[in-house]
Number of protein chains: 2
Amino acid sequence: MTGDTVRYALFAEVFAALAHPKRLEIIRLLASGEDTAGGLADKTGLSKANLSQHVHILKARGLVHCEKRGAFCHYRLTSPKVLETCELVRQLILDQMDLTTQYRRQLASVAPLRKKGAS
Amino acid sequence: MTGDTVRYALFAEVFAALAHPKRLEIIRLLASGEDTAGGLADKTGLSKANLSQHVHILKARGLVHCEKRGAFCHYRLTSPKVLETCELVRQLILDQMDLTTQYRRQLASVAPLRKKGAS
DNA sequence: GGCACGGGATGTTCTTCAAGCAACGCGTGA
DNA sequence: TCACGCGTTGCTTGAAGAACATCCCGTGCC
């Protein structure tokens, strides 16, 4: 039981790393090839400090790898499985949208997560 | 750009739904077949109220489906892709562990996410 | 060496999430 | 009808996450 608990926590950590729009955007950018922190900050519109934080989270979870060359840090994805996971979730979302328009509206109105929008 | 932003947010919502140990445990339980809210609460050790909240999040993201039969709510996974995603992440974690023991220690000590453990 | 720049780390504030508790609606069976 | 069990919803409190500002360190250039 405890072992499972730890395992689930480990899973959750990885999912949590992916549970942010900007971090997903970073991953998508890195899918096109490695990039520097400055480049990522510029393309995502994040401040360097903020991007550094997000990248640190991705690094801590082992999703991206950092290689320091001179004054620049070059980031890249550690595994293509990261992209596969995103693709799978994309299909999951599309499936839900295809299933019923009802589900589609739920997903669209789910952003606040406070009001169920079903009023 | 804005469209991409929305898309990333949608992705993030789904990942966020998976970014909790107890919700992953619920998914794992539902992988064995549908179950009632009471059954899930009992097996996960959550209170009925708390479980209801977690299941609501999974429902809102379209990961589980609820069917009310009499006084009981029967929950089941909406798609096998949910399990596939978890499996992919599991392989991702195993890959990282295999890569280097260093990565393994990072993942193991990542829980607080504050101190990098590198003293 | 001195300076500017890229990148990371720290601290603060604000927002959001999670768990506990209590109360309610609802269907069931007596 | 009434009481009971099942499930959900509010509210509240505490903890985690995110954005921002600031400072520090290492590198490259003058």
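In this text the structure is predicted, and so the values were computed from the model without any measurement. Lettering follows sequence order; numbering is per chain, from 1. Below, all heavy atoms of this structure are taken into account, side chains as well, without hydrogens, waters or symmetry copies.
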Item to complete: Scan Arg69(B) against the nucleic acid and name what it touches under 4.0 Å (heavy atoms): base, sugar-phosphate only, or nothing.
Response: nothing

Discussion item. Rounded to whole Å, how long is the line connecting atom CG of Asp35(B) with atom C1' of dC6(D)?
Written reply: 14 Å

Worksheet, complete the sentence: Between CG of Leu58(B) and C1' of dT8(D) the distance, given in whole Å, is 15 Å

Discussion item. Can you identify which nucleotide, out of dT28(C), dT27(D), dG7(D), has its nearest atom closest to the Ala71(B) side chain?
Written reply: dT28(C)

Discussion item. Under 4.0 Å, counting only non-hydrogen atoms across every strand here, what does Ala49(B) touch: a base, just sugar-phosphate, or nothing?
Written reply: base

Discussion item. Using a 4.0 Å heavy-atom cut-off, does Ser47(A) contact any base of the nucleic acid, only the sugar-phosphate backbone, or nothing at all?
Written reply: nothing

Discussion item. Between Glu84(A) and Lys81(A), does any NZ, NE, NH1 or NH2 come within less than 4.0 Å of an OD or OE carboxylate oxygen?
Written reply: no

Worksheet, complete the sentence: Which of dA18(C), dG8(C), dA19(D) is nearest the side chain of His54(A)? It is dA19(D)

Worksheet item: Can we say Glu25(B) and Arg28(B) salt-bridge, meaning some charged N sits less than 4.0 Å from an Asp/Glu carboxylate O?
Response: no

Worksheet item: Does some side-chain heavy atom of Asn50(A) sit less than 4.5 Å from a side-chain heavy atom of Thr44(A)?
Response: no

Discussion item. From the set dT8(D), dC11(D), dA18(D), return the single nucleotide nearest to any side-chain atom of Ala37(B).
Written reply: dT8(D)

Worksheet item: Judged by atom type as modelled, is there a donor-acceptor pair below 3.5 Å linking the side chain of Arg61(B) to the main-chain atoms of Phe15(B)?
Response: no

Discussion item. What is the distance, to the nearest angstrom, from the CD1 atom on Ile26(B) to the C1' atom on dG7(D)?
Written reply: 14 Å

Worksheet item: For dA16(D), does either OP1 or OP2 sit under 4.0 Å from a side-chain N or O belonging to His20(B)?
Response: no

Practice prompt. May I ask you to decide if His74(A)'s main-chain N or O and Thr36(A)'s side chain share a donor-acceptor pair within less than 3.5 Å?
Written response: no

Fill in: Selected nucleotide, minimal atom distance to Phe72(A) side chain, candidates dG7(C), dT8(D), dA19(D)
dG7(C)

Worksheet item: Between dC26(C) atom C1' and Lys48(B) atom NZ, what is the distance in whole Å?
Response: 15 Å

Discussion item. Just N and O in the side chain of Tyr75(B): are any of them under 4.0 Å from OP1 or OP2 of dT8(D)?
Written reply: yes

Discussion item. Taking the nucleotide of DNA chain D with the nearest heavy atom to each, does Gly38(B) or Lys68(A) sit closer to the 5' end?
Written reply: Gly38(B)

Worksheet item: Between dG7(C) atom C1' and Asn50(A) atom CG, what is the distance in whole Å?
Response: 14 Å

Worksheet item: Just how far, in rounded Å, is P of dT12(C) from CD of Gln53(A)?
Response: 14 Å

Worksheet item: Taking the side chain of Arg23(A) as heavy atoms from C-beta outward, which of dA18(C), dT8(D), dA18(D) is closest to it?
Response: dA18(D)

Discussion item. In whole Å, I'd like the distance from the CG atom of Leu51(B) to the C1' atom of dA18(C).
Written reply: 13 Å

Worksheet entry | Between dT8(D) (C1') and Leu46(B) (CG): distance, integer Å | 15 Å

